[in-house]
K.L.:
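One structure is given below, represented as structure tokens, and several questions about it will come after.
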Amino acid sequence: MADSSSLLSINAASGAYRASRDMAAEPGAVAAPATDKPSFSDMLAEAGRDAVQTVRHAEAVAQTGLQGQADTQAVVEATLELDSTVRTAVSVRDKLVEAYQEIIRMPV
């Protein structure tokens, strides 16, 4: 199931792992910043694409379920994954709107 931790990309996690491994490999050395880190907008775009893909998959499974070609368990799992994805997307949207409103209220 998708949750808020799935919003982080695999590349970002593996990059952090590589950086920590490099720091542990050379005691006293400072790891150079990785240049292949995705930006925040890239991670957000990837999360959006993943959410849209999840929605499309859930709709396809629901349609095949209505036609009697999919198992009830698969339909329920796809629906629950869709619900989780939508809740996560709404939470992220709410946080972004809240942050934007805070920035707007800042005195100049």
Side-chain angles (χ1 to χ4, degrees):
M1 257 198 244
D3 56 6
S4 61
S5 64
S6 68
L7 292 176
L8 297 177
S9 70
I10 303 271
N11 292 335
S14 64
Y17 174 74
R18 280 194 304 273
S20 67
R21 185 183 59 199
D22 292 344
M23 287 176 63
E26 300 176 23
V30 176
T35 57
D36 62 344
K37 290 183 182 178
S39 68
F40 177 73
S41 63
D42 291 340
M43 289 186 349
L44 198 57
E46 183 177 341
R49 283 190 297 271
D50 290 346
V52 169
Q53 183 179 8
T54 301
V55 169
R56 288 182 179 160
H57 177 279
E59 287 178 350
V61 171
Q63 287 177 357
T64 57
L66 288 173
Q67 295 169 355
Q69 299 172 354
D71 184 29
T72 305
Q73 181 69 27
V75 174
V76 169
E77 288 174 356
T79 304
L80 290 174
E81 187 173 353
L82 172 65
D83 180 57
S84 175
T85 300
V86 169
R87 286 177 190 261
T88 302
V90 168
S91 295
V92 169
R93 184 213 51 197
D94 291 346
K95 288 293 183 180
L96 289 173
V97 168
E98 182 181 325
Y100 176 76
Q101 288 173 342
E102 261 187 62
I103 290 170
I104 293 299
R105 284 184 286 217
M106 287 182 180
V108 180

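Because the structure is a prediction, the values reported are computed rather than measured.
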K.L.:
Measuring from Asp50:CG to Met43:CE, what's the distance to the nearest 0.5 Å?
P.N.:
12.0 Å
K.L.:
For the pair Val75 and Thr79, evaluate side chain to side chain contact (heavy atoms under 4.5 Å, CB included) and give the outcome as yes or no after the intermediate values.
P.N.:
CA-CA 6 Å; Val75 174; Thr79 304; 4.1 Å; yes
K.L.:
What's the separation between atom CD in Glu59 and atom CG in Leu82, rounded to the nearest 0.5 Å?
P.N.:
7.5 Å
K.L.:
Looking at every heavy atom in both Ala70 and Val61, which two are closest together, and how far apart are they?
P.N.:
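Minimum heavy-atom separation between Ala70 and Val61: CB-O, 4.1 Å.
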K.L.:
Quick one: list whatever passes side-chain hydrogen bond (donor to acceptor under 3.5 Å, both in side chains) with Gln73, sequence neighbours left out.
P.N.:
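With sequence neighbours excluded, Gln73 shows a side-chain hydrogen bond (donor to acceptor under 3.5 Å, both in side chains) to Glu77, given in chain and number order.
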K.L.:
Using 0.5 Å steps for rounding, measure from the CD1 atom of Ile103 to the CE atom of Met106.
P.N.:
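Those atoms lie 5.5 Å apart.
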K.L.:
What distance separates His57 NE2 from Glu81 CD, expressed to the nearest 0.5 Å?
P.N.:
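If I round to the nearest 0.5 Å, the distance is 7.0 Å.
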K.L.:
Under a single-linkage definition using a 4.5 Å side-chain heavy-atom cutoff for Ile, Leu, Val, Met, Phe, Trp and Tyr, are Val90 and Val97 assigned to the same hydrophobic cluster?
P.N.:
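No, Val90 and Val97 fall in different hydrophobic clusters.
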K.L.:
To the nearest 0.5 Å, how far apart are CG in Asp42 and NZ in Lys37?
P.N.:
13.5 Å
K.L.:
Quick check: closest heavy atoms across Ala78 and Ala58, and the distance to 0.1 Å?
P.N.:
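That would be O-CB, 3.6 Å.
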K.L.:
Closest heavy-atom contact between Arg105 and Glu98?
P.N.:
NH2-O, 4.5 Å
K.L.:
Which value, rounded to the nearest 0.5 Å, describes the distance between Thr88 atom OG1 and Arg93 atom CZ?
P.N.:
12.5 Å
